[in-house]
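Ligands are counted one by one from 1 in listed order, and the atoms in each one are counted from 1 as well. Starting from 1, each residue takes its place in the sequence as its number.
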Amino acid sequence: MALIVQKYGGTSVGDADRIRRVAERLIATKKAGHDVVAVISAMAGVTDGLIKLAREMSAQPSERELDLLLATGEQSASALTAMAVNALGGKAVSLSGAAAGIVTDGVHTKAKISHISPRQIQELLAEDFIVIVAGFQGQSPQGAITTLGRGGSDLTAIALAAALKADDCQIFTDVDGVHTCDPRVVPESSKIDEIAYDELLEMAGAGSKVMQSRAVEFAKKFGVGFEVRHSQKELPGTRATEVTPGMEEVVVRGVSLDRNQAKVTICGVPDRPGCAGQIFSALSGVNLSVDMIVQNASSTGTTDLSFTLHKDDFALAEKILGPLVSEIGASGMMATTGVAKLSVVGIGMRSHAGVAARLFASLGEAGVNIQLISTSEIKIAVVIEEGELERAAQATHAAFGLARPRSQEDGPR
Ligand code: ADP
Ligand code: ASP
Ligand code: MG
């Protein structure tokens with residue numbers, strides 16, 4: 001007998017029929033002789049709907065109230081799943097994150113888990129219940145409901161699997177695993193059978209939202225093995241693990257896309273110590289995180305400094321930097337939201353040369369202009385015009401030979 005943590009995402013519990021199918025799967029796992037803890041997300045669209053309503057009440061709703069509001073999405077989906085299991089003859093009980101013993105810091109909307117006391121879950125498992133936990137939430141030491149950032153039910157599942165020393169953690173979603181690129185953008189993308197934590201971490205951080213990056217970080221830190229699988233199909237998915245022999249033979253594991261980008265260029269920045277410090281201190285002073293930063297060597301005494309940040313932070317960045325541009329003696333600022341980021345990721349890059357050349361050549365052939373470039377040990381990222389993202393993704397995917405062979409099931413193109 002094993003202890004299995006299963007997480008079901010929003011689409012997988014998107015309506016009453018789907019909730020019933022999840023309930024059937026939970027009962028089947030229990031009948032196979034396993035203890036089951038299920039982590040449930042809010043039904044598809046519910047979190048976005050609640051955020052929209054909150055913004056109708058206030059342009060900047062209190063983060064404390066927002067957490068209390070958003071946590072209800074996962075609570076109602078969990079209660080409905082427990083009802084479905086019980087109606088189908090199983091035995092289930094649902095718990096909020098707080099009741100499941102998930103304690104976080106007090107940073108609303110992006111709280112960190114500080115510890116988990118799973119005593120109540122263990123008692124319920126001992127009484128043969130299927131235990132259903134509302135994802136995405138916990139409770140601060142002061143007793144306030146907190147949430148774990150968008151996509152945070154993944155983190156709930158991984159953290160519970162670690163705390164309960166589960167034998168397996170299965171992340172059920174609406175695709176059959178982690179693909180070489182978002183299958184909605186590149187339909188010929190292929191499912192990856194096995195992926196290193198570091199690769200998935202880079203992919204998640206670069207916009208592949210199939211797993212929350214904080215959840216992958218947690219899994220790597222605590223050595224939680226997990227599998228991303230399709231919730232409506234009986235197929236093996238993608239296993240995430242530490243690096244295994246042979247993994248480095250694949251040069252590029254996947255292509256990640258991120259549309260939520262904005263780009264700022266401060267032109268004619270005086271080439272003297274302290275200017276970059278002033279610019280980025282002003283941004284960090286209002287809690288804005290930047291992503292890529294590019295500055296060239298200057299031959300004229302001034303230089304252009306560009307960086308990217310999340311689209312949602314764009315307006316605040318423009319407001320903060322406006323007065324600073326003249327203060328530091330720069331000549332102007334250009335800022336735009338119409339950009340996107342494309343990244344190629346793979347631990348094989350550590351030992352293979354020529355990845356940058358192949359990426360840039362394929363984008364060139366597709367007529368896609370590169371605006372910014374940044375690299376890490378296992379990733380090369382470029383910023384391009386948002387309207388060209390799909391074309392760029394398809395060209396890059398093909399250039400690295402990532403497409404699966406087409407089968408008859410695919411139907412006509
Ligand atoms: P859930 O609600 O189950 O948590 P998400 O919507 O958060 O599901 O994540 C699944 C979605 O992630 C897929 O529908 C797919 O469009 C998107 N996605 C982006 N990149 C990838 C990728 N590389 N592999 C698989 N899915 C991806
Ligand atoms: N419902 C939350 C979100 O939409 C958490 C999750 O789905 O994992 O971000
Ligand atoms: Mg998700």
Could you find the nearest protein heavy atom to [atom] and give me its residue, atom name and distance?
{"atom": "atom 23 (N) of ligand 1", "answer": "His179 O, 3.0 Å"}
{"atom": "atom 4 (O) of ligand 1", "answer": "Lys7 NZ, 3.0 Å"}
{"atom": "atom 2 (O) of ligand 1", "answer": "Gly10 N, 3.1 Å"}
{"atom": "atom 3 (C) of ligand 2", "answer": "Arg150 NE, 3.4 Å"}

Looking at ligand 2, would [X] count as a contact under a 4.0 Å heavy-atom criterion?
{"X": "Gly152", "value": "yes"}
{"X": "Gln212", "value": "no"}
{"X": "Gly151", "value": "yes"}

Could you tell me whether [X] and [Y] make a salt bridge, using a distance below 4.0 angstrom between a side-chain N and a carboxylate O?
{"X": "Asp198", "Y": "Arg350", "value": "yes"}
{"X": "Asp168", "Y": "Arg239", "value": "yes"}
{"X": "Arg259", "Y": "Asp182", "value": "no"}
{"X": "Arg20", "Y": "Glu24", "value": "no"}
{"X": "Glu388", "Y": "Arg391", "value": "yes"}

So is [X] in contact with ligand 1, going by heavy-atom distances below 4.0 Å?
{"X": "Gly177", "answer": "yes"}
{"X": "Pro183", "answer": "yes"}
{"X": "Cys181", "answer": "yes"}

Going by the atom numbers of ligand 1, which of them fall below 4.0 Å from some non-hydrogen atom of [X]?
{"X": "Arg184", "result": "13 (C), 14 (O), 15 (C), 16 (O)"}
{"X": "Asp174", "result": "10 (C), 11 (C), 13 (C), 14 (O)"}
{"X": "Val210", "result": "9 (O), 12 (O), 25 (C), 26 (N), 27 (C)"}

Just going by heavy-atom distances, which of [options] is nearest to [atom]?
{"atom": "atom 3 (O) of ligand 1", "options": "Asp182, Val185, Thr173, Val175", "value": "Thr173"}
{"atom": "atom 1 (N) of ligand 2", "options": "Glu74, Lys209, Gln137", "value": "Glu74"}
{"atom": "atom 7 (O) of ligand 1", "options": "His230, Gln212, Lys209, Arg150", "value": "Lys209"}

- Can you find an N/O atom of Ser153 closer than 3.5 Å to an N/O atom of ligand 2?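 Yes; at least one N/O pair falls below 3.5 Å.
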- Based purely on interatomic distance, does Lys7 place a nitrogen or oxygen under 3.5 Å from a nitrogen or oxygen of ligand 2?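 By distance alone, the answer is no.
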- Message: I need the single residue from Lys7, Arg214, Lys209, Gln212 that forms a side chain to side chain donor-acceptor pair (under 3.5 Å) with Asp154. Which is it?
- Response: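 Of Lys7, Arg214, Lys209, Gln212, side chain to side chain donor-acceptor pair (under 3.5 Å) with Asp154 is met by Lys7 alone.
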- Message: With side chain to side chain donor-acceptor pair (under 3.5 Å) as the test, pick out the partner of Lys341 among Thr308, Asn260, Asp258, Asp291.
- Response: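 Filter result, single survivor: Asp291.
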- Task: Scan Val39, Leu95, Ile40 and name whichever one has a side chain to side chain contact (heavy atoms under 4.5 Å, CB included) with Ile132.
- Result: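 Among the candidates, only Ile40 passes.
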- Message: Using a 4.0 Å cutoff against the non-hydrogen atoms of Ser41, which atoms of ligand 2 qualify?
- Response: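 The list of qualifying atoms is 6 (C), 7 (O), 8 (O).
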- Phe226 vs Val5, side chain to side chain contact (heavy atoms under 4.5 Å, CB included): CA-CA, chis, key distance, verdict: CA-CA 9 Å; Phe226 63 93; Val5 174; over 6 Å; no
- Item | Donor-acceptor pair, side chain of Glu199 and main chain of Ala196, under 3.5 angstrom |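 Indeed, once roles are kept as given, a pair shorter than 3.5 Å links the two residues.
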- Message: Assess, by modelled atom type and distance only, whether the side chains of Ser41 and Ser153 contain a donor and an acceptor separated by less than 3.5 Å.
- Response: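 Yes, because at least one side-chain N or O of Ser41 sits under 3.5 Å from a partner of the opposite role on Ser153.
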- Task: For the residue pair Thr238 and Lys191, establish whether any side-chain heavy-atom pair is separated by less than 4.5 Å.
- Result: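 Thr238 reaches Lys191 side chain to side chain.
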- Please confirm whether Val178 comes within less than 3.5 Å of ligand 1 when only nitrogen or oxygen atoms on both sides are compared.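 Min N/O separation from ligand 1 is not below 3.5 Å for Val178.
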